[in-house]
Amino acid sequence: DFTGTEYFAIDPSSTAENAVYSASKVSGVRLKSEQNAVENSYDPEDHIAFANSASTELIFQNAVSLFAFTIDGEGITEVRISSNAAGEYLAGVFEYDYAKKSSSITSEQSLSVSVKGNFENGKTYYAAVLPCNFSKGLSIDTFKNGEVGKKKSSSKAFNLSRNRIVDLGTVSYEATETKTSSHDFHS
């Protein structure tokens with residue numbers, strides 16, 4: 001049963017362990033920078049939505065956006081998406097303003113979000129991120145057996161608003177080139 005005259009709700013509730021409500025804002029909500037890979041979906045612990053109501057009817061609105069990517073290859077264990085500019089954070093502890101439908105990072109800022117797991121070739125995965133203006137674009141790193149592959153990067157600026165899905169296309173692991181040389185030392 002509901003008691004009171006105004007209600008706030010956060011889904012999933014685990015992101016709001018330290019949440020504080022004031023006026024039309026909730027602060028202390030945490031979007032993790034490390035998320036679990038879920039085939040054809042997102043980590044349910046990181047898709048954050050809020051509801052505010054003066055009745056018992058709660059209508060949730062997404063606070064985050066999603067990056068979609070499709071795996072091309074075998075053995076990939078992590079995909080990291082990063083902003084190319086300082087101060088353009090994708091995850092951390094944030095405040096959400098219901099009236100403005102906007103969020104702002106307050107602490108534990110992260111310029112990247114990593115999705116980790118056993119990825120399957122040809123399957124699509126999603127990373128939850130906070131809305132952000134990417135003034136210098138973004139980069140994608142893939143990992144296989146703990147080794148980072150060749151970086152995929154774009155310097156094209158774009159604005160990612162709340163409640164959007166951006167398809168990053170296919171990501172694959174390509175080993176970085178290592179240069180070796182030999183030299184004979186003389187005594």
Min side-chain heavy-atom separation [X]-[Y] under 4.5 Å:
X: Leu138; Y: Ser82; result: no
X: Ile105; Y: Leu130; result: yes
X: Lys32; Y: Asp43; result: yes
X: Val79; Y: Asp141; result: no
X: Lys136; Y: Ser155; result: no
X: Phe134; Y: Asn84; result: no
X: Lys25; Y: Tyr96; result: no

Please give me the minimum heavy-atom distance between [X] and [Y], naming the atom from each residue.
X: Val171; Y: Ile140; answer: CG1-CG2, 3.9 Å
X: Lys152; Y: Leu168; answer: NZ-O, 3.5 Å
X: Ala157; Y: Ser135; answer: CB-O, 3.4 Å

| Does the pair Thr170 and Thr70 meet the rule for a side chain to side chain donor-acceptor pair (under 3.5 Å), with working shown? | CA-CA 5 Å; Thr170 59; Thr70 302; over 6 Å; no
| query | Are Val64 and Val129 grouped together when hydrophobic residues (ILVMFWY) are joined by side-chain heavy atoms under 4.5 angstrom apart? | reply |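 No; tracing contacts between hydrophobic side chains, which count when under 4.5 Å, never links both residues.
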| said: Hydrophobic clusters here meaning ILVMFWY residues chained together by side-chain heavy-atom distances under 4.5 Å, can you tell me if Val166 and Val113 are in one? | reply: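 Yes, it is one cluster - the side chains of Val166 and Val113 are joined through contacts under 4.5 Å.
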| field | Whether over 12 other heavy atoms sit under 6.0 Å from Tyr42 OH | value |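 12 or below, so no.
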| query | Got more than 12 heavy atoms from elsewhere within 6.0 Å of CG, Asn118? | reply |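 Counting other residues, nucleotides and ligands, CG of Asn118 stays at 12 neighbours or fewer.
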| Evaluation steps, ring-ring contact (aromatic ring centres under 6.0 Å, His included), between Phe94 and Tyr89 | CA-CA 10 Å; Phe94 68 99; Tyr89 303 113; over 10 Å; no
Test item: side-chain donor near acceptor, [X] and [Y], under 3.5 Å:
X: Asp97; Y: Ser24; answer: yes
X: Glu95; Y: Ser27; answer: no
X: Glu78; Y: Ser114; answer: yes
X: Tyr125; Y: Gln35; answer: no

| query | Is it true that Glu34 and Lys116 make a salt bridge, defined as a side-chain N closer than 4.0 Å to a carboxylate O? | reply |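 Yes, Glu34 and Lys116 are salt-bridged.
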| task | State whether the side chain of Ser41 and the backbone N or O of Val38 hold a donor-acceptor pair below 3.5 Å, judged by distance alone. | result |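 Not a single qualifying donor-acceptor pair exists.
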| message | Determine whether the aromatic ring centres of residues Phe8 and Phe50 are separated by less than 6.0 angstrom. | response |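 Centroid distance Phe50-Phe8: not below 6.0 Å, so no.
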| said: Is it the case that the ring center of Phe69 lies less than 6.0 angstrom away from the ring center of Tyr126? | reply: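 Tyr126 vs Phe69: aromatic centres not under 6.0 Å.
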